[in-house]
Amino acid sequence: MESVDLLITNANELLTLKGPKKPRTREQMKRLSIIKNGSVAVKNGLIVDVGRNLRYKAETTIDASGKLVMPGFVDPHTHVVFAGSREFELDLKLAGVPYMEILKRGGGIFYTVKETRKASPTQLLQQSKKRLDTMLSYGTTSCEAKTGYGLDVETEIKILKVQKKLQEAHPMDLVSTFLGAHTIPKDQQATEYIRTVITEMLPKTKGLARFCDVFCEKGVFTVAQSRKILDAGKQYGLIPKIHADEIVDTGGASLAAEVGAISADHLLMSSETGLRAMAQKGVIGVLLPGTPFCLMMQRYAPARQIIECGVPVALATDLNPNCWTESMQLMIQLACLKMQMTAAEAVTAATFNAACAIGMHNTVGSLEKGKQADCIILDCPNHQFLPYHFGVNLVKTVVKKGRVL
Ligand code: NIG
Ligand code: FE
């Protein structure tokens with residue numbers, strides 16, 4: 001009998017997510033390619049077999065009877081590297097002060113920028129590592145991480161270097177996004193700061209970042225300014241991403257299609273024209289329901305309309321000091337209970353489509369032969385339990401690159 005390192009056997013439901021090797025849309029999002037009583041065999045960190053009644057001699061065997069086994073979650077939008085916290089802003093939010101007003105008063109992103117500039121690389125590393133540990137324990141095995149709490153050359157690069165250290169030292173797979181254009185520093189004019197981003201920061205991202213993001217929003221960066229920054233990023237090999245149409249529809253979705261962004265994120269207010277343009281270009285819509293949830297907004301991204309337009313949808317936490325959660329399980333719950341996504345759509349959005357949104361779908365996001373053995377075992381019998389049994393951590397075992405954590 002052939003030997004393997006790890007065998008996970010007899011899962012009540014094994015979600016393989018096997019299917020087209022590109023972002024899934026519409027009906028495709030509902031297909032999880034489920035194997036009843038399924039097993040997964042792992043060797044040298046990779047999946048070597050997936051099916052029923054697998055027969056191998058395994059060093060470690062995990063009996064997953066009665067349980068749900070699926071790919072580890074992929075969180076494609078986080079601001080995980082930051083210092084300090086902003087719990088005191090909740091009182092302002094409860095008093096009805098809008099997010100942009102808190103920012104204008106020097107709070108919000110500006111507060112975190114102050115804290116992050118003060119923090120040493122070691123402090124940033126320790127604080128971020130703790131968050132990655134929590135993410136792993138909640139089943140996230142790959143994630144994206146943005147800069148954006150530096151807003152000066154020194155701190156933006158400091159954050160990128162911390163991210164690089166995390167890539168090397170932490171079991172989490174982490175891809176970096178340069179978000180120097182997170183907002184305009186208090187003491188600068190937009191044109192002056194954009195010049196710094198383009199001429200001083202972008203050249204220094206070499207070998208440190210894969211994507212370039214912009215907070216394209218009324219009162220932050222306009223569509224024209226965002227286009228300029230993203231086009232400049234492309235010159236340095238950075239693939240565009242956009243924080244688009246979160247509070248006001250400024251045409252962020254259309255810009256994402258125009259510049260060939262890999263994803264446009266938030267999309268609460270996007271126009272139908274913008275969404276259709278995204279669908280046509282295959283731009284992934286990353287929905288972040290944690291943000292309207294913690295801002296106590298009535299409105300969430302119109303997921304049904306976005307899916308019907310043909311946009312491949314992914315989910316992410318947006319983990320940041322305004323929306324501090326490490327849980328993709330909570331995102332699935334909000335996606336279903338607040339955005340009317342089905343459990344199956346939400347699972348696709350939190351795994352395979354999320355992997356597509358950070359260019360990792362060839363290695364993670366589904367359980368298929370040859371892919372990285374990143375999978376999670378949940379203490380529930382099927383995927384419909386994910387939005388149903390909420391507010392607890394259903395993940396019992398996390399396997400990262402074949403290693404049981
Ligand atoms: O995606 N909207 C801009 N950036 C983050 C929030 C950052 C913050 O408030 O610190 C977001 O929601
Ligand atoms: Fe964000």
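Just follow the structure's listing: the first ligand is 1, and inside any ligand the first atom is 1.
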Chemist: Suppose I only count heavy atoms of His77 and a 4.0 Å limit; which atoms of ligand 1 are within that range?
Modeler: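 Listed by number with element, the hits are 1 (O).
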Chemist: At the Fe ion (ligand 2), what angle lies between atom NE2 of His79 and atom OD1 of Asp318, rounded to 10 degrees?
Modeler: 90°
Chemist: What does the angle at the Fe ion (ligand 2) come to, between atom NE2 of His243 and atom NE2 of His77, rounded to 10°?
Modeler: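 Vertex the Fe ion (ligand 2), arms to NE2 of His243 and NE2 of His77: 90°.
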Chemist: Checking side chain to side chain donor-acceptor pair (under 3.5 Å) for the pair Lys93/Asn322: CA distance, chi angles, key distance, verdict?
Modeler: CA-CA 11 Å; Lys93 293 186 224 168; Asn322 176 57; 3.0 Å; yes
Chemist: For atom 10 (O) of ligand 1, grab the closest protein heavy atom and report residue, atom and distance to one decimal in Å.
Modeler: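 Result: Tyr149 OH, 2.6 Å.
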Chemist: Applying side-chain contact (heavy atoms from CB on, under 4.5 Å), run through Val364 and Lys371 and close with a yes or a no.
Modeler: CA-CA 6 Å; Val364 302; Lys371 276 195 152 180; 5.9 Å; no
Chemist: Give a yes or no on whether a salt bridge exists between Glu27 and Arg31, defined as a side-chain N under 4.0 angstrom from a carboxylate O.
Modeler: no
Chemist: Among protein heavy atoms, which sits nearest to atom 9 (O) of ligand 1, and what does the distance come to when rounded to 0.1 Å?
Modeler: Tyr99 OH, 2.6 Å
Chemist: Could you check whether Asp231 pairs with Lys234 (Lys NZ or Arg NE/NH1/NH2 to Asp/Glu carboxylate O, under 4.0 Å)?
Modeler: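 Yes.
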Chemist: Relative to the ring of His79, is the ring of Tyr149 parallel (under 30°), tilted (30 to 60°) or perpendicular (over 60°)?
Modeler: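 Tilted: the ring planes of Tyr149 and His79 meet at 30° to 60°.
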Chemist: At what distance is the nearest protein heavy atom to atom 11 (C) of ligand 1, and which residue and atom is it?
Modeler: Asp318 OD2, 3.0 Å
Chemist: What protein heavy atom sits nearest atom 4 (N) of ligand 1, and how far away is it?
Modeler: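 It is His182 NE2, 2.8 Å.
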Chemist: What I want to know is whether His243 and ligand 1 share at least one N or O pair that is separated by under 3.5 angstrom.
Modeler: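 Checking ligand 1 against His243, an N or O pair does fall under 3.5 Å apart.
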Chemist: Taking only Lys NZ, Arg NE, NH1 and NH2, and the carboxylate oxygens of Asp or Glu, determine whether Glu59 and Lys43 approach each other closer than 4.0 Å.
Modeler: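 So Glu59 does not pair with Lys43 through a salt bridge.
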Chemist: If the plane angle is over 60° it's perpendicular, under 30° parallel, otherwise tilted; pick one for His243 and His266.
Modeler: tilted
Chemist: Enumerate the atoms of ligand 1 whose separation from the nearest heavy atom of Glu246 is less than 4.0 angstrom.
Modeler: 2 (N)
Chemist: So is Glu217 close enough to ligand 1, meaning a heavy atom under 4.0 angstrom away?
Modeler: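 No, Glu217 has no heavy atom closer than 4.0 Å to ligand 1.
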Chemist: Relative to the heavy atoms of His266, which atoms of ligand 1 are at a distance of less than 4.0 Å?
Modeler: 1 (O), 11 (C), 12 (O)
Chemist: Heavy-atom contacts with Asn322 under 4.0 Å: which atoms of ligand 1 show up? List them by number with element.
Modeler: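 What qualifies from ligand 1 is 9 (O).
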